[in-house]
Amino acid sequence: MRQSVEIKKILAEGKIGDTLSVNGWVRTKRASKNVAFINLNDGSTLHNIQVVVDVNKFDREILDQITTGAAIAAEGELVESKGAGQNVELVAGKIHLYGAADPAKYPLQPKKHSLEFLREIAHLRFRTNTFGAITRLRHAMIFAVHKFFNDRGFYNIHTPIITGSDAEGAGEMFRVSILDPKNPPLTEDGKVNFREDFFGKETNLTVSGQLEAELAALAMTKVYTFGPTFRAENSNTKRHLAEFWMIEPEVAFFDIDNNMDLAEEMLKYLVHYALEHCRDDLDFLNKRLQDEEKNLKKEERQMELIEKLNFVLENKFERITYTTAIEVLKNSKSNKKGKFHYPVKEWGMDLQSEHERYLVEKHYKKPVIITDYPRDIKAFYMKQNDDGKTVRGMDVLFPQIGEIIGGSQREEEYDRLYARIQEMGIDEKTLWWFLDTRRFGSVPHSGFGLGFERLMLFVTGMGNIRDVIPFPRTPQNAEF
RNA sequence: UCCUCAGUAGCUCAGUUGGUUAGAGCAUCUGACUGUUAAUCAGAGGGUCGUUGGUUCGAGUCCAACCUGGGGAGCCA
């Protein structure tokens, strides 16, 4: 393969007079009688390099095949650009065509496409400015997550993807089985006999790595997971996926306040990292959003993307209890005027997304962390407060996105945890190992789950979660 | 799963109270043009109006079911 230089590198540090070769995909070509201009992109940066071609020096047959989408190598001298719009350009001496892209059939045009259309051609959408920017940002965020934890002495734990535990209570699960679906072995009472299945028991794809991460934290002190998560819920919204990535730190000798501090520090770190390392891509997405907002009425317009990111960095998250949240909501104008679809009446009700949005977007106007929820609406493993009514859960709520983090201090007392498992009708036999950690050297510990794609929604300003993961899996859709 | 809106050219969309040959911009093709920036200018080709059924002399337009997509709700990260 021919030696070539990344376009990002050429644009940043290329010297006039250098002879070099670039590989990439043609974004646009503009031709006149004697000269043609090719904008070439290789994904290393949002920006293209302009290749200048003296039409008379090349075979017409080759030049005709250099159309939007074609892959080429261009070799030549880097010169100062005579045109506006770029500082340097490459005067082609040689051109190699790797692969043509029939212009009558290639679906991407040098114009703005709808996100819905691009979703249908997800195999090609990496080649657009928008998805190039999102892909680079996604990588930066993945890297920053690992850097954040590594710099603070956390260990990354690979928790199992196939799990035999269905007691996590986080949602419907995808079954993993090698039994013949048409003719499965049956037990005497007519049920599917999973003893004959691969693992000798019923298994599913994980809905959370939390329980296993807790086991590791109760030895390694500070751990985190960052892996795929699967939920077989029939959720059809712009913030749900059937397959998504989740970051779950779990820390021993850590209470709910430490947990909130960690969550806030982490979110701010990641946003700061994006601003620091992906400025080009963020500027592009910012402008893209501004163009879309032009069509909206003034009162419907949102804060600009970069302004919004800085806003999160500069403001301390508001920390309130569930009880306070209910009071604020109950006394709100929206509630009194009956504007809520679900009126706020009494302590104990679950907060609806309209309530969360009111608190974040209207009342506090910044990210909000709600703690100390009624125990009856939260999971079995959350630390029970001494009031007998509430648990030390916490939800971090962001504007537009809603719940970006859900977490809690964990119940470390064996008797209380056991009682709660009994109360909720969970089969304790499937959790013997989890309970064991509360019998041997149990300590206060806490953790949370951050939906990676929800973070991506916030950082990119995109509106639909299907656009911040390369190949989204949603009900009735597993294409590509 | 429920509610709601939409489906017309490769893409984005227009199409009047049902009426005879369904339009535009961009893309594509052909030609013109001495440096363009989603180049520009001129011309050409391109349609089972989501599918099936119904109402009607006549359906892109009205009705029903289904399919696909968007938005909202629930579930949650």
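Below, all heavy atoms of this structure are taken into account, side chains as well, without hydrogens, waters or symmetry copies. Per chain, numbering begins at 1; letters A, B, ... match sequence-line order.
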**Asked** Any chance the side chains of A/Gln210 and A/Glu214 put a donor and an acceptor closer than 3.5 Å?
**Response** yes

**Prompt:** Between A/Glu89 and A/Lys82, is the closest basic N to carboxylate O distance under 4.0 Å?
**Reply:** no

**Item:** Ion pair A/Arg392/A/Asp372, N-O distance below 4.0 Å
**Value:** no

**Asked** Any ion pair linking A/Lys287 and A/Asp283 (charged N to carboxylate O, less than 4.0 Å)?
**Response** no

**Request:** Establish, yes or no, whether the cationic atom of A/Arg152 lies under 6.0 Å from the six-membered ring centre of A/Tyr269 and within 45° of the ring axis.
**Result:** yes

**Asked** Using atom P of each nucleotide, how far apart are B/C2 and B/C66 to the nearest Å?
**Response** 10 Å

**Message:** If you only use heavy atoms from C-beta on, which nucleotide in B/U1, B/G74, B/C11 is closest to the side chain of A/His240?
**Reply:** B/G74

**Asked** Touch check for A/Phe448, heavy atoms < 4.0 angstrom, all strands: base, sugar-phosphate only, or nothing?
**Response** nothing

**Message:** Reading RNA chain B from 5' onward, which residue's closest nucleotide shows up sooner: A/Leu108 or A/Ile405?
**Reply:** A/Leu108

**Request:** Give A/Leu455 one of three labels, base, sugar-phosphate or nothing, depending on what nucleic acid heavy atoms sit under 4.0 Å from its own.
**Result:** nothing

**Prompt:** Does the cation-pi check pass for A/Lys268 over A/Phe317, that is, NZ or CZ under 6.0 Å from the six-membered ring centre and within 45° of its axis?
**Reply:** yes

**Asked** Tell me, for nucleotides 29-37 of chain B in 5' to 3' order, what letter each nucleotide earns: B for a base near a protein heavy atom under 4.0 Å, S for only sugar-phosphate near one, - for neither?
**Response** S---BSBBB

**Asked** Hey, what's the ring geometry for A/Trp245 with A/Phe226, parallel, tilted or perpendicular (30° and 60° as the breaks)?
**Response** perpendicular

**Complete:** From CZ of A/Phe117 across to C1' of B/G7 the rounded distance in Å is 15 Å

Interface polar pairs with nucleotides 68-72 of chain B, N/O, under 3.5 angstrom:
{"residue": "B/G70", "atom": "OP1", "partner": "A/Arg119", "partner atom": "NH1", "Å": "2.8"}
{"residue": "B/G70", "atom": "OP1", "partner": "A/Arg466", "partner atom": "NH1", "Å": "3.1"}
{"residue": "B/G70", "atom": "OP2", "partner": "A/Arg466", "partner atom": "NH1", "Å": "3.2"}
{"residue": "B/G71", "atom": "OP1", "partner": "A/Asn464", "partner atom": "ND2", "Å": "3.3"}
{"residue": "B/G71", "atom": "OP2", "partner": "A/Asn464", "partner atom": "ND2", "Å": "3.3"}
{"residue": "B/G72", "atom": "OP1", "partner": "A/Lys238", "partner atom": "NZ", "Å": "3.1"}

**Item:** Whole-Å P distance, B/C33 and B/A38
**Value:** 24 Å

**Rounded C1' spacing from B/U16 to B/G69 in Å** = 28 Å

**Message:** Less than 3.5 Å apart, any donor N or O on the side chain of A/Asn48 or A/Asn41 sitting next to an acceptor on the other?
**Reply:** yes

**Message:** Check this for me: does any side-chain nitrogen of one of A/Arg420 and A/Glu423 sit under 4.0 Å from a carboxylate oxygen of the other?
**Reply:** yes

**Item:** A/Gln352 vs B/G74: side-chain N/O to OP1/OP2 distance below 4.0 Å
**Value:** yes

**Prompt:** Is the distance between the ring centroids of A/Phe452 and A/Phe458 less than 6.0 Å?
**Reply:** no

**Message:** Suppose you measure atom C1' in B/G23 against the same atom in B/C49; what distance do you get, rounded to whole Å?
**Reply:** 12 Å

**Item:** Near-parallel close stack of A/Phe244 and B/A77 base (under 5.5 Å, under 30°)
**Value:** yes

**Item:** Output field: ring centroids A/Phe254/A/His445 closer than 6.0 Å
**Value:** no

**Asked** Could one point to a donor on the side chain of A/Ser235 or the base of B/C75 with an acceptor on the other under 3.5 Å away?
**Response** yes

**Fill in**
Note on RNA chain B: ranges paired as stems (three or more Watson-Crick/G-U pairs in a row, both atom distances under 3.5 Å) are B:1-7 with B:67-73, B:10-13 with B:23-26, B:28-32 with B:40-44, B:50-54 with B:62-66

